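Working notes, beginning with the structure itself.
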Amino acid sequence: NPTNGEYHQRLGLILSELGEYETADTALRSGIAHDSINPARYRRYALWLFAMGQREAGLEMMRKTISLEPQATRDDITLMILSGLGDDEIERAMPECAEPQIIFARYLRKTGNDSMAEEAYRRALRYLPKEEHKNTSYFHEVYNFYMKKERHEAALSIMERAKYYFPKDAGVRTAAGSAYEKIGMRDKAIDEYRAALAIDSKEKNAKKRLEILLSE
């Protein structure tokens with residue numbers, strides 16, 4: 001089957017083992033040409049390029065890999081780590097879309113690199129408007145990141161942006177209310193909790209906090 005991309009790339013890896021690197025490169029590229037929408041083809045070529053010391057070319061291929069299969073970003077980050085890449089290099093492999101940036105930020109937080117994680121979170125929200133499907137969980141994740149650091153005004157700014165995209169989401173309004181409370185803007189917090197309950201009368205957190213504030 002001369003159009004099978006998997007066959008081309010397996011041949012390329014054999015040629016590489018034999019030291020025929022130029023021919024191997026051609027075969028690996030041919031595998032992509034015959035199967036251009038399969039992320040596995042780009043991933044295999046990227047890993048080979050890393051092994052050959054061609055990091056920039058490998059990062060370009062990995063960026064295409066992640067663009068085609070963003071849900072596999074965590075696994076691709078692991079592969080890049082095993083290939084000896086640092087955080088700065090992995091960052092360059094992240095495409096301009098929200099999900100990979102969010103997953104990259106989670107990895108950075110686990111490794112204690114909060115400054116880079118914050119930048120990845122900000123990029124994720126910057127890319128989100130261009131995407132057809134927007135997810136409230138991304139806003140909540142960034143919001144929680146700031147709340148845990150007691151950067152309440154930054155957390156509030158995230159929820160204000162979320163309100164623009166999800167004006168009828170009770171959870172977003174409740175989170176905004178919590179941030180307003182932390183800042184000390186009691187009246188604003190009450191307004192947000194009331195708005196949340198107007199959207200969903202069963203919003204427990206909003207109801208609880210509103211009762212507390214009104215009883216003070």
Side-chain angles (χ1 to χ4, degrees), residues 36-39 42-43 46 56 59-77 80 87-111 113-183 185 188-189 191-200 203 205-206:
S36 61
I37 62 171
N38 188 340
Y42 295 92
R43 183 178 292 113
E56 289 304 319
L59 290 172
E60 182 182 349
M61 286 300 110
M62 190 57 80
R63 191 177 304 112
K64 291 180 179 178
T65 303
I66 295 171
S67 295
L68 288 169
E69 193 176 21
Q71 65 272 20
T73 300
R74 185 174 64 176
D75 293 336
D76 287 325
I77 289 172
M80 285 187 277
D87 290 347
D88 290 340
E89 292 173 303
I90 295 172
E91 182 181 63
R92 298 206 300 276
M94 295 298 113
E96 293 186 357
C97 50
E99 186 175 4
Q101 297 288 344
I102 290 287
I103 294 171
F104 182 48
R106 291 171 188 165
Y107 152 73
L108 292 166
R109 289 182 67 184
K110 286 182 180 179
T111 61
N113 194 343
D114 282 0
S115 60
M116 282 190 71
E118 180 177 357
E119 290 303 312
Y121 277 139
R122 287 188 172 278
R123 284 194 299 273
L125 297 187
R126 190 163 65 245
Y127 300 146
L128 196 62
K130 302 176 185 177
E131 300 184 9
E132 183 178 354
H133 301 291
K134 297 173 179 62
N135 195 329
T136 57
S137 68
Y138 294 163
F139 288 96
H140 282 288
E141 184 167 337
V142 184
Y143 165 86
N144 288 329
F145 172 78
Y146 285 123
M147 290 293 278
K148 286 178 181 178
K149 291 185 171 297
E150 297 186 352
R151 294 174 59 185
H152 303 129
E153 290 186 0
L156 176 60
S157 71
I158 298 302
M159 279 301 117
E160 289 296 334
R161 290 172 67 181
K163 281 163 59 177
Y164 174 81
Y165 295 106
F166 306 99
K168 299 297 182 181
D169 188 290
V172 167
R173 304 304 291 258
T174 301
S178 180
Y180 274 121
E181 269 199 83
K182 293 293 185 181
I183 294 170
M185 301 179 69
K188 284 283 190 179
D191 289 343
E192 292 294 344
Y193 293 141
R194 282 175 170 163
L197 291 169
I199 296 167
D200 181 2
E203 178 61 47
N205 290 332

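Here the structure is a predicted model, which means the values were calculated and not measured.
- Arg123 is not listed as a side-chain neighbour of Met94, based on a closest heavy-atom distance of 4.5 Å or more.
- Side-chain atoms of Glu181 and Tyr193, non-hydrogen and from C-beta on, do get closer than 4.5 Å to each other.
- Residue Thr65 comes nearest to Pro39 through the heavy atom pair CG2-O, 3.7 Å, listed as atom of the first residue, atom of the second, then distance.
- When the ring-ring contact (aromatic ring centres under 6.0 Å, His included) test is applied to Tyr121, the partners found at least two apart in sequence or on another chain are Phe145.
- Residue pairs satisfying the salt bridge (Lys or Arg N to Asp or Glu O under 4.0 Å) criterion with at least one member in residues 131-146, sequence neighbours excluded, are listed as follows: Arg106-Glu141.
- From Lys110, atom NZ reaches atom CG of Leu108 across 11.5 Å, with rounding to the nearest 0.5 Å.
- More than 12 heavy-atom neighbours from other residues, nucleotides or ligands sit within 6.0 angstrom of CZ on Arg92.
- Using a 4.5 Å heavy-atom threshold, the side chains of Glu99 and Thr73 count as separate.
- Residues Asp114 and Arg109 form a side-chain contact, since some pair of their non-hydrogen atoms from C-beta on lies under 4.5 Å apart.
- With rounding to the nearest 0.5 angstrom, the CZ atom of Arg151 is 5.0 Å from the OH atom of Tyr146.
- Pairing each heavy atom of Thr174 with each of Ala206, the nearest pair is OG1-CB, 3.5 Å.
- Scanning all heavy atoms of the two residues, the minimum distance from Tyr127 to Cys97 falls at CD1-N, 3.4 Å.
- Pro129 and Tyr165 get closest at one heavy-atom pair: CG-OH, 3.0 Å.
- Around atom CD of Glu153, no more than 12 heavy atoms belonging to other residues, nucleotides or ligands sit under 6.0 Å away.
- When side chains are defined from C-beta on, His152 counts as touching Glu150, because their heavy atoms get closer than 4.5 Å.
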Could you give me the CA-CA distance, side-chain angles and deciding distance for Glu192 and Met159, then say whether side-chain contact (heavy atoms from CB on, under 4.5 Å) is met? CA-CA 11 Å; Glu192 292 294 344; Met159 279 301 117; over 6 Å; no
Given His140 and Ile158, is the side-chain contact (heavy atoms from CB on, under 4.5 Å) satisfied, shown in steps? CA-CA 8 Å; His140 282 288; Ile158 298 302; over 6 Å; no
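- Below 30°, between 30° and 60°, or above 60°: for Tyr107 and Phe104 the angle between ring planes is below 30°, a parallel geometry.
- Salt-bridge annotation for Arg63 and Glu60: absent, with no side-chain N of the basic residue lying under 4.0 Å from a carboxylate O of the acidic one.
- Salt-bridge formation is detected for the pair Glu118/Arg122: a Lys NZ or Arg NE/NH1/NH2 atom is positioned less than 4.0 Å from an Asp or Glu carboxylate oxygen.
- Salt bridge Arg173/Glu203: absent, no basic N to carboxylate O contact under 4.0 Å.
- With hydrogens and angles disregarded, a donor-acceptor distance shorter than 3.5 Å links the side chain of Tyr143 to the backbone of Ala175.
- Between Leu128 and Phe139 there is a side-chain heavy-atom pair separated by less than 4.5 Å.
- Here the side chains of Met116 and Asp88 are in contact, with some heavy-atom distance below 4.5 Å.
- At a threshold of 4.5 Å between non-hydrogen side-chain atoms, the residues Met147 and Ser178 count as touching.
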In sequence, state the C-alpha distance, the side-chain angles, and the governing distance for Tyr42 and Glu69, and then conclude on side-chain hydrogen bond (donor to acceptor under 3.5 Å, both in side chains). CA-CA 11 Å; Tyr42 295 92; Glu69 193 176 21; over 6 Å; no
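- Pairing each heavy atom of Ile199 with each of Ala170, the nearest pair is CG2-N, 3.9 Å.
- Enclosure of atom NZ in Lys163 by more than 12 non-hydrogen atoms of other residues, nucleotides or ligands within 6.0 angstrom is indicated.
- Smallest separation of non-hydrogen atoms from Met80 and Ile66: CE-CD1, 4.2 Å.
- Side chains of Ser137 and Asn135: a donor-acceptor N/O pair is present below 3.5 angstrom, by distance only.
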